[in-house]
Amino acid sequence: MNKIDKKLIGIIVALIVLLFIHSLVKSVDIYYFIFSFSLFLLFVSSLSHINIENIIIDKSKKVSSKLFYGVICSIILINAFYIIIINGVVHILNSSNYFSQLTSILKTMGFTIFVVPILNILCQYLKINKMSQLSCKVKKIFYLIWVALTLSLVIIDNIFHVINYSLVIFIYISQLVSFVIILICCFIRIRNKNIFTLNSQEGFNKLRLKVLLKKIKKILSNNFVTSLRKMIYLSYYYLSIVIVSYLLLFNFSYDFQETCFVIVDIYFYNFLFILITIGLIIYFFKDKIAEVINNIKNKEDDIHIDVFFLKLVKNIIPITILMCVLSGPILRFLFNGDNYSIFMFFVWILPFLILYLVSEKFLEVSLKKKMVYLYLCFGIFMKLVLIVPLINAFYRMGYSFIYGDILSTIIGLFASFIISIIYFNKKYKINFTKNFEKLLNIIYDNIVLSLILIVTSVIVPLIVSTRLQAFYVLLIYIIVYIVFNFVKKIFNNLWRVK
């Protein structure tokens, strides 16, 4: 099985796990988990760039055990700093009765931040010491143990009904348990290799300590932009959760249960389904993305970024319209939900997020770090500035407050995308205006598609009450969409012949 197949299987498994969680776990449990785990991912992503494989110490192409231990100690020190930040957050949360139970979860989470980064360093160290197979197995077994323990806890919670926040605490503890099990197994497996033994013959004077600290600093700072990118992505999500939760509880007089339901329903199940859909779309465009990236790396004059973006827009807009129209049946079939009006608007994040992710990849490959920093930071700044005013504005107008958050996200993503377009125009002399006619054709095609779907909705109603009805409706509309594309292709071919 090649890497491509594994990616596709991973996306499908993610959808199955999402549906499994939805069928088992209560909203309050998931809310505690979302609030803490998204912060956990923010902290972990800040350390994701750390890589000792790029630092070759001696002619034998090995990294010294001193450097290995030095990097691990640095990660633990950074973790200690994050624990101080978490204690500050806990102090703020303690002033509110709504989040008193969350403080115990955050404290437990704080002591698990180092696990994944240290596991990555351990795998890299094993790989450098010619133990690639063991390196792959260590990571896979760790995640298997952690997932198995987590699912066991979820099932136990459904049987014995443990206290809500205790389940989330046990999930973080299970991560530590999995890590300890892996460390013990790993050291038993390679106890005779002596790769973790410090070389006492080298000595440890001030000069060597200075050199070692310089190398550790280089490892910690190298390629930090990759960590920043992940942190910005997660910040879009975390800002929405925190700000919307605060406004619901303190400005809009929602009770805690209602707030949990809104956050879990929209920012967990709906959003993760959108992310899985995005993963599938990017998967099917991977070859085209790789082609453009290679052209940028090779500094070719004709990189066809404009053609690529037009082709991407040509494909993702019809999918977005179809998902928007089918929002009711999709929610009913997947989650047995009926809050399709918000999901209908939420779907429009999809095209903007895809354009954002793809253009950021192209910018990163072009080796312009300043542009990448501007690209990443400007979008999140726009969201931060607009989110509260837009939420309040939509709420005062009688619409769902969620529309304000979604619109602020779309504006932030689109603002970043415009920066990338300006840069590509300047750098590669790409004239996007020459493709205006093609863009108009895309608009016309989507107007026709929308009209066809509206007519179809008169014949096949979109309001469904069961999952079986939802399945039949989805099947019919997908067939209509396939037929539309087939007919459009025939007309395009005939037009070219003329």
Set of residues satisfying side-chain contact (heavy atoms from CB on, under 4.5 Å) with respect to [X], sequence neighbours excluded:
| X | value |
| --- | --- |
| S74 | I216, L220 |
| I419 | M371, L374, F378 |
| I184 | V180, I188 |
| F414 | F352, F417, I418 |

Could you name each residue pair satisfying salt bridge (charged side-chain N to carboxylate O under 4.0 Å, His left out) that touches residues 371-386, not counting sequence neighbours?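 Salt bridge (charged side-chain N to carboxylate O under 4.0 Å, His left out) check on residues 371-386 returns K383-D405.
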Which residue pairs pass the salt bridge (charged side-chain N to carboxylate O under 4.0 Å, His left out) test with at least one member in residues 352-361, sequence neighbours excluded?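 For residues 352-361, and leaving out neighbouring residues, the salt bridge (charged side-chain N to carboxylate O under 4.0 Å, His left out) pairs sorted by first residue read R229-E360.
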Side-chain donor/acceptor of K286 to backbone N/O of Y283, under 3.5 Å: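 Present.
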Among all residues two or more places apart in sequence or in another chain, which pass the ring pair (Phe, Tyr, Trp, His ring centres under 6.0 Å) test with Y356?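 So Y356 forms a ring pair (Phe, Tyr, Trp, His ring centres under 6.0 Å) with Y233, Y236, Y375.
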With sequence neighbours excluded, residues passing ring pair (Phe, Tyr, Trp, His ring centres under 6.0 Å) with Y246: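 Y246 satisfies ring pair (Phe, Tyr, Trp, His ring centres under 6.0 Å) with F250 only.
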Name every donor-acceptor pair, under 3.5 Å, that has one atom in a side chain of residues 35-43 and the other anywhere in the protein, sequence neighbours excluded.
from, atom 1, to, atom 2, distance (Å)
S36, OG, Y32, O, 2.9
S36, OG, F33, O, 3.3
S36, OG, Y172, OH, 2.8
S38, OG, I34, O, 2.6
S38, OG, F35, O, 3.4

Can I get a per-line list of side-chain donor-acceptor pairs under 3.5 Å for residues 80-90, giving both atom names and the distance, sequence neighbours left out?
from, atom 1, to, atom 2, distance (Å)
Y82, OH, S46, OG, 2.5
N87, ND2, I83, O, 3.3

Less than 4.5 Å apart, side chain to side chain, heavy atoms only: is that true for L353 and L275?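 The answer is yes; the side chains approach within 4.5 Å.
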Just so I know, are the side chains of I289 and V358 near enough to count as touching, which here means a heavy-atom distance under 4.5 Å?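 Side chain of I289 against side chain of V358, heavy atoms only: contact under 4.5 Å found.
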Quiz item: cation-pi between K139 and F142, 6.0 Å / 45°: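 Judged by the rule, K139 and F142 form no cation-pi pair.
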Go through N222 and I50 one step at a time and tell me if the side chain to side chain contact (heavy atoms under 4.5 Å, CB included) criterion holds. CA-CA 7 Å; N222 264 4; I50 299 175; over 6 Å; no
Got a sec, which residues hit salt bridge (charged side-chain N to carboxylate O under 4.0 Å, His left out) with K127, two or more places apart in sequence or on another chain?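 Counting only residues at least two positions away or on another chain, K127 forms a salt bridge (charged side-chain N to carboxylate O under 4.0 Å, His left out) with E53.
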S174 versus W146, side-chain donor and acceptor atoms under 3.5 Å: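 Per modelled atom types, W146 and S174 side chains form a pair under 3.5 Å.
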Test S227 against S45 for side chain to side chain contact (heavy atoms under 4.5 Å, CB included), laying out the working first. CA-CA 6 Å; S227 286; S45 63; 5.8 Å; no
Name all residues meeting the side chain to side chain donor-acceptor pair (under 3.5 Å) criterion together with T259; count only those two or more places apart in sequence or in a different chain, and write none if there are none.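 T259: no side chain to side chain donor-acceptor pair (under 3.5 Å) contacts found.
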